[in-house]
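Working notes, structure below.
Hydrogens, waters and symmetry mates play no part in the numbers below; they use all other heavy atoms, side chains included. Each chain gets a letter, A, B and so on, in the order the sequences are listed, and its residues count up from 1.
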There are 2 protein chains.
Amino acid sequence: MKLPEKTIERLSEYRRTLFNCLSNGKTHIYSHELANLHSNTAVQVRRDLMLIGFSSMTKKGYDVKELIDLISRILDSKDGQNVAVLGMGNLGKAITTYFNGKRSKLNIKATFDVDPEKIGTFQSGVMCYSINEFEEVVKRENITIAVITASPNAAPVLAGIIEKAGIKGVLSFTSTPINFSDNIYYEGYDMITSLEKVAYFVKERSLKKKSN
Amino acid sequence: MKLPEKTIERLSEYRRTLFNCLSNGKTHIYSHELANLHSNTAVQVRRDLMLIGFSSMTKKGYDVKELIDLISRILDSKDGQNVAVLGMGNLGKAITTYFNGKRSKLNIKATFDVDPEKIGTFQSGVMCYSINEFEEVVKRENITIAVITASPNAAPVLAGIIEKAGIKGVLSFTSTPINFSDNIYYEGYDMITSLEKVAYFVKERSLKKKSN
């Protein structure tokens, strides 16, 4: 089943919220509740869940645990996937700390840097290797996904190394778009774009207020 | 002129690329070149630029500087906007370092934390205040935008403080969605969702390969 990117994003967000529900002892949830928690509509939630074949709505709403299980079967690989983080500056550290232990099916197995002070030590709980060892470590640890937090100047060099090592998916936080071959699923995120978007809509609203 | 969110994101990305062009001495660019750098189509680029009224295509392509100026007039506020970062862990530090000096029209004026070791010191070059001083500092420094990097547990408390201080726009990197009133333009980003999305498409591709 190939689902649209936006649906996948929402399923991941629903699951995160459902985990919170469970840990707060909430066993059932209505579509409109789930929608409210995501600034979404109940219709959208029901459409997403229909798309993945979930229909067991009871009088008390959806069974939270059942829904988590179904979403997990869709999102996760059976044996999990292993992840490497490239660049252990503040952002690399934040991401490694943030992910580890959050999802049992996605494991950060190695981190990489060029700084001799970091190489050979644990960074945010994960062994840091020299970028020169990338291909070797990727094969040994069966790593399929790379997260790039390195500086824009380093990105083109890293792209070649990543491609050569047989990585299948890349999530990049560098501000330069990187061109990979079609063998790699690429997702880029730039914090400046998000901030500029917020700034634009704040400006537009204040102009609108003034003209009213 | 109220533009769609996706157009604003692309304009921000184009501008970033155009800045790179300029610093590499490239003065003109064709729509298909700009498209290639963003895994986009030339038609989309032309449509976006038409939407903002840019039509001065020469034989050598678009004038890079002219295009930067026009996009800047759309995205930026005349007098700029001031930004606060809440939470000075690794992510807060990464964001503050990353932004500062990159865009003259968006200035990180203050950072906030609860750690007494950080309060009263410069963090990534910006003064760090106690979260208790938030409203006072926001008014004094004319801050309109807040970036939240604090832990999910802290988010609901911060939401109240942010709302009360009169902040107009929020960019949140916490993994829990936050409900603000309609006075605040809210944009949330969760790294786990992006990573789960990459993992899903990597999995789908490998299953497809096996079944071929």
Side-chain angles (χ1 to χ4, degrees), chain A residues 2-3 5 8-9 12-13 15-17 20 36-39 74-77 81 83 89-91 93-95 97-99 102-103 105-106 124 144-145 147 149 152 168-171 175-177 179 185-187 189-206 208, chain B residues 2-3 5 8-9 12-13 15-17 20 36-39 74-77 81 83 89-91 93-95 97-99 102-103 105-106 124 144-145 147 149 152 168-171 175-177 179 185-187 189-206 208:
Chain A
K2 173 109 185 240
L3 295 163
E5 295 199 1
I8 294 300
E9 287 178 16
S12 161
E13 287 163 8
R15 177 167 67 170
R16 196 178 59 202
T17 299
N20 282 343
N36 278 344
L37 289 166
H38 293 280
S39 320
I74 289 166
L75 293 185
D76 299 341
S77 311
Q81 290 193 63
V83 179
N90 286 318
L91 186 59
K93 283 183 200 158
I95 288 172
T97 308
Y98 187 76
F99 279 127
K102 284 245 171 70
R103 291 288 179 273
K105 294 294 187 180
L106 288 175
S124 305
T144 49
I145 296 171
V147 178
T149 71
K168 302 293 179 211
V170 167
L171 173 58
S175 61
T176 320
N179 281 320
Y185 180 87
Y186 172 75
E187 170 91 6
Y189 176 76
D190 185 51
M191 297 185 286
I192 287 192
T193 292
S194 291
L195 193 67
E196 289 188 339
K197 189 173 145 189
V198 171
Y200 169 81
F201 285 104
V202 166
K203 179 186 76 159
E204 282 302 298
R205 283 178 172 198
S206 77
K208 211 177 141 192
Chain B
K2 173 109 184 241
L3 295 164
E5 295 199 1
I8 294 300
E9 286 179 15
S12 162
E13 287 162 10
R15 178 167 66 169
R16 196 179 60 202
T17 300
N20 282 343
N36 278 345
L37 289 166
H38 294 280
S39 320
I74 288 164
L75 292 185
D76 299 340
S77 310
Q81 290 193 63
V83 179
N90 286 319
L91 186 58
K93 283 182 200 158
I95 288 173
T97 308
Y98 187 76
F99 279 127
K102 283 244 172 69
R103 291 288 180 276
K105 294 295 189 181
L106 288 175
S124 304
T144 49
I145 296 172
V147 178
T149 71
K168 303 292 179 211
V170 168
L171 173 59
S175 62
T176 321
N179 281 320
Y185 180 86
Y186 172 75
E187 170 91 6
Y189 176 76
D190 185 50
M191 297 184 285
I192 287 193
T193 292
S194 291
L195 193 66
E196 289 188 340
K197 189 173 146 189
V198 171
Y200 169 81
F201 285 103
V202 166
K203 179 187 75 160
E204 282 302 298
R205 283 178 172 197
S206 77
K208 211 177 141 191

I'd like to know which of A:V83, A:L91, A:L75, A:V170 tops the heavy-atom pair count under 4.5 Å against chain B. A:L75
Is there a side-chain contact between A:T193 and B:R16, using heavy atoms and a 4.5 Å cut-off? yes
Using a cut-off of under 4.5 Å on heavy-atom pairs, state which of A:K168, A:M191, A:K93 scores highest against chain B. A:M191
Just give me the residue among B:N179, B:T144, B:L195 that pairs up with chain A most often, heavy atom to heavy atom, under 4.5 Å. B:L195
Quick one: closest heavy-atom pair of B:I74 and A:Y200, and the distance? O-CD1, 3.4 Å
Under a 4.5 Å heavy-atom cutoff, which of A:I8, A:L37, A:N90 has the most pairs with chain B? A:N90
Are A:E196 and B:L106 packed together at the side-chain level, in the sense that at least one heavy-atom pair is separated by less than 4.5 angstrom? yes
Can you check whether B:Y189's main-chain N or O pairs, donor with acceptor, with A:Y189's side chain at less than 3.5 Å? no
What one should report as the nearest heavy-atom pair of B:F99 and A:I192 is CE2-CG1, 3.2 Å
Less than 4.5 Å to any heavy atom of chain B: does that hold for the side chain of A:I145, its backbone, both, or neither? side chain
Say whether, by atom type as modelled, one donor and one acceptor occur between the side chain of A:Y185 and the main chain of B:R205 under 3.5 angstrom. no
Name the option with the most non-hydrogen atom pairs under 4.5 Å to chain B; the candidates are A:T149, A:L171, A:N20, A:I95. A:L171
Relative to chain A, which of B:S206, B:S124, B:A94, B:S194 shows the most heavy atom pairs under 4.5 Å? B:A94
Name the region of B:Q81, side chain, backbone, both or neither, that has any atom closer than 4.5 Å to a heavy atom of chain A. side chain
Relative to chain A, which segment of B:V147 carries a heavy atom at a distance below 4.5 Å: side chain, backbone, both, or neither? side chain
